[in-house]
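Chain identifiers are assigned alphabetically (A, B, ...) following the order of the sequence lines, protein sequences preceding nucleic acid strands; residue numbering begins at 1 within each chain.
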Amino acid sequence: MNYKAPKGTFDIFGKKAITYEKIENTGKKIMNLYGFSQIRTPIFEDAGLFTRSLGETSDVVQKEMYIFKDKGDRLLALRPEGTAPVIRSIIENNLAQNNSVKLFYTGQMFRYERPQAGRFRQFHQFGAEIVGTQDPISDFEIIDSSTKILKELCIEYELHLNSVGCKDCRPTYREVLLAFLKDHVSELCENCKTRMYKNPLRVLDCKEEQCKLVTSNAPKITDYLCEDCKTHFEKLRNYLKKFKIDYILNPRLVRGLDYYTKTAFEALNFSLGSQNAVLGGGRYDGLAEELGGKNLPGVGFASGIERLVAILEKSDKDFEKEHKFMIIPITSDEFEYALDLLVELRNFVSTLFPYDYKNLKSAMKLAAKSDCDYVVLIGPDEIKDNQISIKNLESGLQKSFPKVEFLNIINNERCNFGL
RNA sequence: GUGGAUGUAGCUCAAAGGCAGAGCACUGCACUGUGGCUGCAGAUGUUGGGGGUUCAAUUCCCCUCAUCCACCCCA
């Protein structure tokens, strides 16, 4: 084998492709119900867009970006996430003139990482953003709609919620937390001893038992929120309560990207490996300004489609698919008739025509292997009686109908041939 | 970037220095108007790649690449 899919990438076909499609279609359906419209942004962008929005020191920027120079000496990056490009587009095209905009997207993202369960170098995200408003109802809509996608897909999840404050109150909390951590340095893991100075909030997220023990008594950010953040959070929680969205208040929840403010949430599923987050999001009120636009507060989510696919594959839940037919002319005499019927049938149902088959038997095999539900048989007998024979491959039952009746059953009786 | 495990047929895996094998899948026949089941027959390999030790390497050693898992981090 000379060529393989590059490290951390893979081909999507067959059953897997159907699962991807199902997830994306479900997402689109829900997004439409909430009044979002689709946006497709380029797969690569000016590298600065990401270093600026995600933060120079974030891991994504420091070690995970696919950066390259094109022939015009432009420094570009394959997008590692979807929010920054959407905000860039909103600013560039003035999409949020005086109102807010609601946009959703789906597509590939790229991060140069060591692959493992639930993590790849090219992966897909489905996400949405509401930009131009600070109304907590928009936070609610993001959480409500995103978790509705999971529900619709029958994916179990645990919703974790927190508020990470804003540029006014977070620094204060940071100091308080740092002071607390300094008092307990000796009890922290090696990693956290250095981490607490770089990003003390991350210590809250540490998986080491010793650190969890220490931070269980740590001051909570929700006790240090400014008035604005506090009332915003309370309103959001009221909406969630009113509409019975269950969640776990998790003061340890910290999101990895710098731009988050106020609301932060994650949906966790524990049936996978160590990558538990299937969906995450939050508010990013300073991002648009950071990118050179006007003050456009926003809130959004992104879900990792690969992780959703993995969960669905594990649950071996098959999605109902459309009936698939194959037309088989039994001798060469019926070839033309069968071709005409093929063209006609394709106005209504998915229909195959067998290639390179030797006899009826081999054509039947092809039909079974091609995952067909029904075989339409046209032979001398059918032509003579002016009938069409149809066989249900699952039950093995076969019947004949006049052509008109046959088409009628397909169109008006959902292929209920009584087989 | 760090650590661990694993690379043999399309897939899942045996062979532990001496002829590279099995199951599933594939192809054909039994069966030229009926698939799945059954029986019989057949095809399939740079043993990931490179080097070394040896009369002899899939097996032992070194390098390299890839995959999986975990850390870091994230979806």
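No engagement by A:Gly82 is indicated, since no non-hydrogen atom pair under 4.0 Å with the nucleic acid exists. Within 4.0 Å of A:Glu394, counting heavy atoms only, lies at least one base atom of the nucleic acid. Contacts of A:Glu334 with the nucleic acid, taken as non-hydrogen atoms under 4.0 Å apart, are absent. At the heavy-atom level, A:Glu81 lies nowhere under 4.0 Å from the strands shown. Residue contacts shown for A:Gly396 include a base, since a base heavy atom lies under 4.0 Å away. Within the 4.0 angstrom heavy-atom criterion, only backbone atoms of the sugar-phosphate kind lie near A:Ala117; the bases stay farther away. Among the heavy atoms of the strands, none lies under 4.0 Å from A:Ile328. A:Glu64 comes within contact range of the sugar-phosphate backbone alone, with a heavy-atom separation under 4.0 Å but no base atom that close. Within the 4.0 angstrom heavy-atom criterion, no nucleotide atom of any strand lies near A:Tyr374.
Taking CD from A:Glu306 and OG from A:Ser303, the interatomic distance works out to 10.0 Å, rounded to the nearest 0.5 Å. Here the CD atom belonging to A:Gln387 is positioned 5.5 Å from the OG atom belonging to A:Ser400, to the nearest 0.5 angstrom. Taking OG from A:Ser395 and CG from A:Leu419, the interatomic distance works out to 5.5 Å, rounded to the nearest 0.5 Å.
Here B:C74 presents its P atom at 18 Å from OH of A:Tyr66, a figure rounded to the nearest Å. Between the CZ atom of A:Phe104 and the P atom of B:A75 there is a distance of 20 Å, rounded to whole Å. To the nearest angstrom, C1' of B:C73 lies 12 Å from CZ of A:Phe123. Summarising the geometry, the separation between CG on A:Asp11 and P on B:C11 is reported as 13 Å, rounded to the nearest angstrom. As rounded to whole Å, 9 Å separates atom C1' of B:A75 from atom CG of A:Leu308.
Taking atom P on both nucleotides, B:G4 is separated from B:G21 by 36 Å, rounded to a whole Å. The gap from the P atom of B:A20 to that of B:A25 amounts to 27 Å, rounded to the nearest Å. Comparing B:A43 with B:G28, their P atoms are spaced 15 Å from each other, to the whole Å. Nucleotides B:A22 and B:C74, compared at atom C1', are 43 Å apart to the nearest Å. Comparing the P positions of B:A14 and B:G50 gives an interatomic distance of 24 Å, to the nearest angstrom. Separating the P atom of B:G7 from that of B:A15 is a span of 11 Å, rounded to the nearest Å.
Pairing for B:C60 is with B:G52, a Watson-Crick or G-U wobble pair whose two hydrogen-bonding atom distances lie under 3.5 Å. Summarising the base pairing, B:C71 is matched to B:G1 through a Watson-Crick or G-U wobble pair whose two defining distances lie under 3.5 Å. With a 3.5 Å ceiling on both atom-pair distances, the Watson-Crick or G-U wobble partner of B:A22 is B:U12. Shown here, B:U6 forms a base pair with B:A66; the pair counts as Watson-Crick or G-U wobble because both key distances fall under 3.5 Å. For B:C31, there is no paired base (Watson-Crick or G-U wobble, both distances below 3.5 Å). Taking a pair to require two hydrogen-bonding distances under 3.5 Å in either a Watson-Crick or a G-U wobble arrangement, B:G36 remains unpaired.
Taking 4.0 Å as the cut-off between side-chain N and carboxylate O, A:Lys16 and A:Glu313 count as a salt-bridged pair.
Using a 4.0 Å cut-off, no side-chain N or O of A:Gln116 falls inside it from OP1 or OP2 of B:C69.
Distances from the side chain of A:Met364 to the nucleotides B:G35, B:G33, B:G3 place B:G35 closest. Side-chain atoms of A:Gln398 lie closest to B:U34 of the nucleotides B:C69, B:U34, B:C71. The listed nucleotides are B:U34, B:G35, B:G3; the one nearest the side chain of A:Leu393 is B:G35. The listed nucleotides are B:C73, B:A75, B:U2; the one nearest the side chain of A:Arg202 is B:C73. Among B:U34, B:G33, B:A75, the nucleotide with an atom closest to any side-chain atom of A:Pro380 is B:G33. Of all nucleotides listed (B:U67, B:G33, B:U2), B:U67 comes nearest to the side chain of A:Lys7.
Each of A:Asp135, A:Ile245, A:Thr263, A:Val299 was evaluated against A:Phe140; a single residue qualifies, A:Ile245, per the side chain to side chain contact (heavy atoms under 4.5 Å, CB included) test.
Scanning atom types as modelled, no donor and acceptor separated by under 3.5 angstrom connect the side chain of A:Lys361 and the base of B:U34. Judged by atom type and distance alone, A:Arg307 reaches the base of B:C74 through a side-chain donor-acceptor pair under 3.5 Å.
Checking A:Gln122 against A:Thr9 by side-chain atom types alone, no donor-acceptor pair falls below 3.5 Å. Residues A:His232 and A:Asp139 have side chains that bring a donor and an acceptor to within less than 3.5 angstrom of each other. A donor-acceptor contact closer than 3.5 angstrom is absent between the side chains of A:Arg170 and A:Thr261.
In terms of position along RNA chain B, the nucleotide closest to A:Lys391 lies nearer the 5' end than the nucleotide closest to the other residue of the pair A:Asn276 and A:Lys391.
The aromatic ring centres of A:Phe265 and A:Tyr247 sit 6.0 Å or more apart.
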Short N/O separations, protein against nucleotides 27-29 of chain B, under 3.5 angstrom:
| unit_1 | atom_1 | unit_2 | atom_2 | d |
| --- | --- | --- | --- | --- |
| B:U27 | OP1 | A:Lys369 | NZ | 3.0 |
| B:G28 | OP1 | A:Lys358 | NZ | 2.7 |

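Between the side chain of A:Ser89 and the backbone N or O of A:Pro85, no donor-acceptor pair lies under 3.5 Å.
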